[in-house]
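Everything numeric in this text was worked out from a predicted model, so none of it was measured. Chain letters run A, B, ... following the sequence lines, proteins first and then strands; every chain starts at 1.
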Protein chains: 2
Amino acid sequence: MSIEGKTVESNVHKISCPDCRLSELCLPYGLQQKEVQQLATIVKSKRPIHSNEYLYLQGDACLNLYAVKSGSFRSFITDDDGSEQTIGFYLPGELMGLDALQHGRSTCTIIALETSTVCELPLSRLNELCSQIPNLQHQMMRVLGKEITSDHDKIIMLSHRTAKEKIATFLLLLSRRYAGLGFSSTEFNLTMSRQDIANFLGLSNETVSRQFTELNKDGVITVKQRGIQINNMASLKGIVKPCLPDDQLSFIA
Amino acid sequence: MSIEGKTVESNVHKISCPDCRLSELCLPYGLQQKEVQQLATIVKSKRPIHSNEYLYLQGDACLNLYAVKSGSFRSFITDDDGSEQTIGFYLPGELMGLDALQHGRSTCTIIALETSTVCELPLSRLNELCSQIPNLQHQMMRVLGKEITSDHDKIIMLSHRTAKEKIATFLLLLSRRYAGLGFSSTEFNLTMSRQDIANFLGLSNETVSRQFTELNKDGVITVKQRGIQINNMASLKGIVKPCLPDDQLSFIA
DNA sequence: CGTACAATTGAGAATCCTCAAGAGCAGTGG
DNA sequence: CCACTGCTCTTGAGGATTCTCAATTGTACG
């Protein structure tokens with residue numbers, strides 16, 4: 001899934017902040033036009049990153065933040081024995097590299113799930129700008145707060161005990177993120193494999209597959225490979241919170 | 001468990017940043033003496049909070065950060081049907097309220113697990129100071145980065161499939177945090193109930209209890225109610241990573 | 001069209017949850 | 001000082017869920 005249509009895909013990485021359709025979701029949010037232009041001067045556009053290419057590796061010195069411009073990414077931590085644990089997925093407008101803020105060294109590896117583009121923001125320049133532009137500092141705090149609450153959502157998702165609850169929560173969180181991007185909240189394509197989802201949720205890929213099949217049979221969603229269509233949003237929310245089927249999830253809402 | 005001995009307990013909340021033994025773990029880290037004093041001027045000391053008292057409630061307007069000075073806290077999110085999900089536990093030197101940075105409204109409730117003290121930092125004043133003191137802004141970024149990597153540790157813990165792996169990871173993460181505070185990494189008291197741990201890990205409290213009993217029988221740890229003694233650190237790490245029993249965990253290390 | 005990879009489906013085994021009862025500990029009041 | 005109460009924690013047994021192993025189907029790509 002791509003944020004831009006096929007025809008302009010090749011030029012996405014050349015668009016600068018003032019013209020970027022994601023600016024309202026990204027760091028420029030809340031900034032005045034002049035301030036956005038200032039921010040744009042420190043942003044480096046990068047060449048497109050292809051599927052299965054790495055953005056950076058765990059342990060790399062990482063002195064930049066990366067904003068997803070188009071496409072999607074998966075982040076994971078590798079243990080000493082080589083086993084991977086997926087930490088999360090990144091969609092357009094979201095910032096990667098925040099985990100390196102502590103020691104200037106990345107704690108995870110980030111890999112592209114499809115051909116994607118990013119903006120690179122050198123942390124040193126960004127910190128300088130934050131001192132000069134109070135709005136930018138506020139926005140940085142908001143973005144960091146969003147990352148933290150987003151991690152809390154993941155913790156809640158993983159703490160749910162049954163596989164069906166985890167899958168339902170996973171789909172609802174994705175749905176909300178796509179809606180925030182201006183896409184359909186009920187119809188989207190998964191850019192990650194069943195294996196990725198299983199690893200992320202602490203399940204076997206067979207269980208993930210079976211849960212999709214069951215939700216499909218029950219008519220709650222329609223699954224066609226990686227294409228997902230949510231037919232009954234209330235039912236999906238009801239799976240997570242059986243007591244109040246039609247109510248809004250506090251952390252989904 | 002308390003960071004201060006019984007005799008000085010009642011005065012902990014009066015100690016200011018320049019004299020606080022936690023300053024190296026908290027916001028003053030990396031600041032010059034003069035800057036620490038500046039920071040101290042915006043810190044409000046609060047009266048001690050007793051066991052089961054709330055620091056703040058989910059949904060409250062929250063325009064402060066809170067640093068744990070002594071004692072410990074539990075944070076949780078309440079669903080519409082009243083069910084709780086524990087998000088994490090806070091020990092001395094750790095910052096609470098970061099989840100409210102996004103919208104100025106807390107997304108979780110925080111409750112004291114024992115008699116505890118906190119420092120209150122108004123966000124507006126803190127932001128001003130950050131603009132004036134580059135070192136403080138850097139430290140804020142480090143602290144936020146730490147919070148994010150700490151959340152990633154939780155995600156890894158929860159993604160582990162078996163109950164024994166979750167419990168082992170939980171104990172290792174706690175051990176590391178106590179060590180960072182200058183306490184023993186092999187002997188400490190849990191300040192939270194089995195129920196709290198179970199809820200946090202997405203397990204039933206019976207399973208938590210059984211896992212403790214098994215680890216006790218195997219001699220890996222000694223459990224006496226809430227008192228924990230780690231007898232074989234390598235074995236505990238081996239449970240999390242069966243392939244390399246004596247190796248260091250990348251995310252624990 | 002064939003190969004490689006991803007996804008699905010099935011069956012048996014292991015793990016964990018639920019329900020239920022018993023044990024240990026702290027605080028209260030006689 | 002001791003019994004009582006309430007709470008937490010532990011232990012047991014049966015049932016449900018999920019994992020593992022294995023085979024099959026489906027899809028993408030050269």
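The nearest whole Å value for the distance from the NZ atom in A/Lys166 to the P atom in D/dT17 is 15 Å. Rounded to an integer number of Å, the gap from CG of B/Asn205 to P of D/dC7 is 15 Å. Between A/Met192 atom CE and C/dC5 atom P the separation is 21 Å, expressed in whole Å. When the P atom of D/dT25 is taken as reference, atom CZ of A/Phe212 falls 23 Å away, rounded to whole Å. Distance, B/Ile197 CD1 to D/dT8 P: 13 Å, rounded to whole Å. Rounded to an integer number of Å, the gap from CZ of B/Arg194 to P of D/dC7 is 18 Å. Protein atom CD1 of A/Ile167 is 16 Å distant from nucleotide atom P of D/dT17, rounded to whole Å. Here the P atom of nucleotide D/dC19 and the CD atom of A/Gln195 are 12 Å apart, to the nearest Å.
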request  = Take B/Leu215 and B/Val223, measure what side-chain contact (heavy atoms from CB on, under 4.5 Å) needs, and give me the verdict at the end.
outcome  = CA-CA 9 Å; B/Leu215 288 172; B/Val223 186; 5.9 Å; no

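Side-chain contact check for A/Thr117 and A/Ser70: at least one donor-acceptor pair (N or O, by modelled atom type) lies under 3.5 Å. Under 3.5 Å, the side chains of B/Asn199 and B/Thr86 contain a donor-acceptor pair of N or O atoms. A/Thr107 and A/Asp99 are linked by a side-chain donor-acceptor pair at a separation below 3.5 angstrom, with hydrogens and angles left out of the test. Counted by atom type alone, B/Glu206 and B/Ser209 present zero donor-acceptor pairs between their side chains at under 3.5 Å.
Between A/Arg226 and C/dA7, a side-chain N or O to OP1/OP2 separation shorter than 4.0 Å is present. Side-chain nitrogen and oxygen atoms of B/Thr213 include at least one within less than 4.0 Å of the OP1 or OP2 phosphate oxygen of D/dT11.
The line from CG of B/Leu171 to CD1 of B/Ile197 is 7.5 Å long, rounded to the nearest 0.5 Å. Taking CD1 of A/Ile155 as the reference point, atom NE2 of B/His152 lies at 9.0 Å (rounded to 0.5 Å).
Between A/Tyr66 and A/Tyr56, the two ring planes are tilted [angle within 30° to 60°].
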Taking N or O atoms only and anything under 3.5 Å, show me the protein contacts with nucleotides 11-18 of chain C, one pair per line.
residue, atom, partner, partner atom, Å
C/dC16, OP1, B/Ala163, N, 2.4
C/dC17, OP1, B/Ser204, N, 3.3
C/dC17, OP2, B/Ser204, OG, 3.2
C/dC17, OP2, B/Thr207, OG1, 2.2
C/dT18, O4, B/Arg210, NH2, 3.2

For nucleotides 22-24 of chain C, tabulate all protein N/O to nucleotide N/O atom pairs closer than 3.5 Å, reporting atom names and distance.
none

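At a threshold of 4.0 angstrom between heavy atoms, the contacts of B/Ser209 include nucleobase atoms, whether or not backbone atoms are also involved.
Ion pair A/Lys146/A/Glu94 not flagged as a salt bridge, since none of the NZ, NE, NH1 or NH2 atoms sits closer than 4.0 Å to an Asp/Glu carboxylate oxygen.
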